[in-house]
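A short worksheet on the structure shown next.
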Amino acid sequence: MSDAAPRPVKVRIAPSPTGDPHVGTAYIALFNFAFAKKSGGKFILRIEDTDRTRSTPESEVAILRALHWVGLQWDEGPDIGGPNGPYRQSERAAIYREHVEKLMAAGAAYRCFCTAERLEAVRHEQRRQGLFVGYDGLCRGRPVAEGETRAAAGEPFVIRLAMPRTGEIIFKDRLRGDVKFESAQMDDQILLKTDGFPTYHLANVVDDHLMGITHVIRAEEWLSSTPKHVVLYQAFGWELPEFVHMPLLRNADKSKISKRKNPVSLDYYRDAGFLPEALLNYLGTMGWSIAGDREQFTLLEMIEAFSFDRVSLGGPVFDLVKLSAMNADYLRALDDDEVVRRLRAWRFSDEHLRALIPLVRERIQRLDEFVPLTEFFFSGDVDYAPVAKDLLPKGRVPKEVADGLLLFGEALDAHRDFSAAGLEALAREFAEKNGWQTKELFMLLRLGATARKATPPLFETLVGLGRELTRRRLRLAAEFVKKLPAPAAQPAAPTKPAAPPKA
RNA sequence: GACCCCAUCGUCUAGCCCGGCCUAGGACAAAGCCCUUUCAAGGCUUGAACGCGGGUUCGAAUCCCGCUGGGGUCGCCA
């Protein structure tokens, strides 16, 4: 690697279209982008949709839209093409199969016929004994011919990577130096699934090589599977890229950022009125600094100053409060006309207003009633204090209401059909399953989502709010309810002086 | 549990690589004061950190080791 002419820098962001566009994706994209631009290289977008059961075209669209919104434009990608396409892994199946053939021919991979049940049992036993947990290698010893016969007979199988059984695998991480793993501690990773699609490990390595990726800049959660990737590169005889594992964004409790504890969808940030340049700046301060006493900088400034030497490895806690403060600074710096433009783009577009009209047209007598009737469509978080009493239906204690709100939020998240009819069906089913009167639950949802007792029809309202805002508000409402005093079980004893619970 | 990574104010971080300039700097948050018809904004002030123990050294936040703590991974998900 010392004398070869350095390859032109090329990096990628490789999201999986299995859900909402994630802040973590924007975070990693930002560092890839900054590094690429700083180095005069290319930044590409590749869609990793090899999970056929969870990938959706809608999610892919949402990810592209969100990445456009934050303003990180890629040089090659599924929508704009490029010299190394296709940029969607589902369209590259033949490439992966061909590469797996090579590995098999070289004895670097083998067929495995083990059932999910057996694997489960093996893992269970290994865990019980406190051993290293991974494939026990049963099929690795089978003669190749046997595998061929069984495969030909139609028996389902996967293909696994034959990891070296002794020695250690050492690779260099740009931020950590040498990282060392015992080969014996590494699993024989599945490369090709029963359905013929590759797993991340195979597809990712093959594509990174074929697409000329020079630096793999990704989240730290990948660090422990990197040795498998290294073995793959070596098995193919390919030059290793440089690995850069960025620290993980964290919840307040330091765990990996998650949607149960934080708004995690980029759509939330857009809908809640964050400016993309502020978000980017904030993400740029997560594990990176431009200088000792400076934290406000534009994308261009970040690119100019960019270096991995300025990355700090402690996992940064993602703090909405600080993001908001930074957003405020950006907002104040805009001139009036620009603020108007931002507002238009945000919620005051014809399109958005138009969507609200059917909800209010029968309910307003004069134009001036539009704003009071729809105000909660134009705010991010809402204040529950005025409806505190109503949030605790008769006979309910704070905990069950909070849990109900939270649980419904999760059900909402798992629910694909975000239409009024779909949501109503979901809510009715939820009420039945969880011991709520529909009437009672519907009011709770209304209050949680809007902090109002009277609104346009509930489910149309939720649709208008969108999944992210709805979820966020239900969670906020749950937190609010949790802090409410429990109602006295019995009518208060007459001796008890009236305690004024002033907040 | 096994393996890997990490460790400066509550939070984001500067300083650490190349030990002395650090009685550890900035920002968010908090508290107080000022300004002010209100609310913001703004100004000023305060409290707040080198996890612990051993080394190395004249000298350690900075280098080394151990401990502790936190995190990640251990899926036919990525």
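Here is how names work: the chains are called A, B, and so on, in the same order as the sequence lines, proteins then strands, and each is numbered from 1.
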Once you apply a heavy-atom cut-off of 4.0 Å, does A:Arg176 come out as touching a base, just sugar-phosphate, or nothing?
sugar-phosphate
For B:U37 and B:G47, measure between their P atoms and round to the nearest Å.
32 Å
Tell me: CG of A:Asp173 to P of B:C17, nearest whole Å?
20 Å
Between A:Tyr282 and A:Val158, which is nearer to the 5' end of RNA chain B once each is assigned its nearest nucleotide?
A:Tyr282
Pairing residues for A:Glu60 by the side-chain hydrogen bond (donor to acceptor under 3.5 Å, both in side chains) criterion, not counting sequence neighbours
A:Arg88
Categorize A:Ser324 for me: base, sugar-phosphate, or nothing, with a 4.0 angstrom heavy-atom threshold over every strand shown.
nothing
What I want to check is whether the side chains of A:Thr226 and A:His245 have a donor and an acceptor closer together than 3.5 Å.
yes
Could you tell me how far apart A:Asp208 (CG) and B:A78 (C1') are, to the nearest whole angstrom?
13 Å
Between B:C64 and B:G70, how far is it from one C1' atom to the other, in whole Å?
22 Å
Once you round it to whole Å, what is the distance between C1' of B:C5 and NE2 of A:His245?
11 Å
My understanding is that a pair needs two contacts under 3.5 Å, Watson-Crick or G-U wobble. By that rule, which nucleotide pairs with B:U56?
none
Base, sugar-phosphate or nothing for A:Thr285? Non-hydrogen atoms, less than 4.0 Å.
sugar-phosphate
If the C1' atom of B:C9 is compared with that of B:A24, how far apart are they to the nearest Å?
10 Å
Figure out the CG/C1' separation between A:Leu161 and B:C76, and round it to whole Å.
15 Å
Rounding to an integer number of angstrom, what distance separates B:C18 and B:A60 when you compare their C1' atoms?
14 Å
Suppose you measure atom P in B:A40 against the same atom in B:A31; what distance do you get, rounded to whole Å?
12 Å
Base, sugar-phosphate or nothing for A:Arg332? Non-hydrogen atoms, less than 4.0 Å.
sugar-phosphate
Give me the distance, rounded to whole Å, that separates B:G19 from B:C58 when you measure between the P atoms they each carry.
15 Å
With B for base contact, S for sugar-phosphate-only contact and - for none (protein heavy atoms under 4.0 Å), nucleotides 68-74 of chain B reads --SSSSS
Short side-chain N/O contact to B:A14 OP1/OP2 from A:Ser289, under 4.0 Å:
yes
Can you establish whether the number of heavy atoms outside A:Arg165 located under 6.0 Å from its atom CZ is more than 12?
no
Evaluate A:Ile290 against A:Arg310 for side-chain contact (heavy atoms from CB on, under 4.5 Å), listing each step before the verdict.
CA-CA 7 Å; A:Ile290 195 162; A:Arg310 296 201 62 83; 5.8 Å; no
Applying the 3.5 Å cut-off to both distances, the Watson-Crick or G-U partner of B:G19 turns out to be none
Give the rounded distance in Å between these two atoms: CZ of A:Arg294 and C1' of B:C12.
16 Å
If each of A:Ser16 and A:Glu295 is mapped to the nucleotide of RNA chain B with the nearest heavy atom, which maps nearer the 5' terminus, i.e. the 5' end?
A:Glu295
So A:Met186, base contact, sugar-phosphate only, or nothing? Heavy-atom distance under 4.0 Å.
nothing
Presence of A:Lys322 side-chain N/O under 4.0 Å of B:U13 phosphate oxygens OP1/OP2
no
What is the nucleic acid contact for A:Tyr200, judged by heavy atoms within less than 4.0 Å: base, sugar-phosphate only, or nothing?
base
What's the closest nucleotide to the side chain of A:Thr50 if the choices are B:A78, B:U11, B:C3?
B:A78
Pairing partner of B:U11, by Watson-Crick or G-U wobble and under 3.5 Å for both distances, is B:A27
B:C28 P sits how many Å from A:Asp293 CG, rounded?
13 Å
Exercise: do A:Arg160 and A:Tyr135 side chains pair donor with acceptor under 3.5 Å:
no
Would you call A:Arg176 and A:Asp173 a salt bridge, using N to O less than 4.0 angstrom?
yes
Compute whether any side-chain donor of one residue and acceptor of the other, for A:Glu48 and A:Tyr200, lie under 3.5 angstrom apart.
no
Ring pair (Phe, Tyr, Trp, His ring centres under 6.0 Å) test vs A:Tyr269 passes for just one of A:Phe274, A:Trp69, A:Trp346, namely A:Phe274
Re B:A48: Watson-Crick or G-U wobble partner, both distances kept under 3.5 Å, found to be none
Please state the P separation for the pair B:A49 and B:A61 - nearest whole angstrom.
15 Å
Inter-nucleotide P distance (B:G15, B:C63), Å rounded
13 Å
With no hydrogens and no angle check, just 3.5 Å: does a side-chain donor-acceptor pair link A:Ser55 and A:Asp51?
no
To the nearest angstrom, how far is A:Leu313 atom CG from B:U8 atom C1'?
15 Å
How long is the straight-line distance from NZ of A:Lys10 back to CG of A:Asn84, given to the nearest 0.5 Å?
4.0 Å
Take atom CG of A:Asn281 and atom P of B:A27, then tell me their distance rounded to the nearest Å.
15 Å
At under 4.0 Å between heavy atoms, what does A:Arg218 touch on the DNA or RNA strands: base, sugar-phosphate, or nothing?
nothing
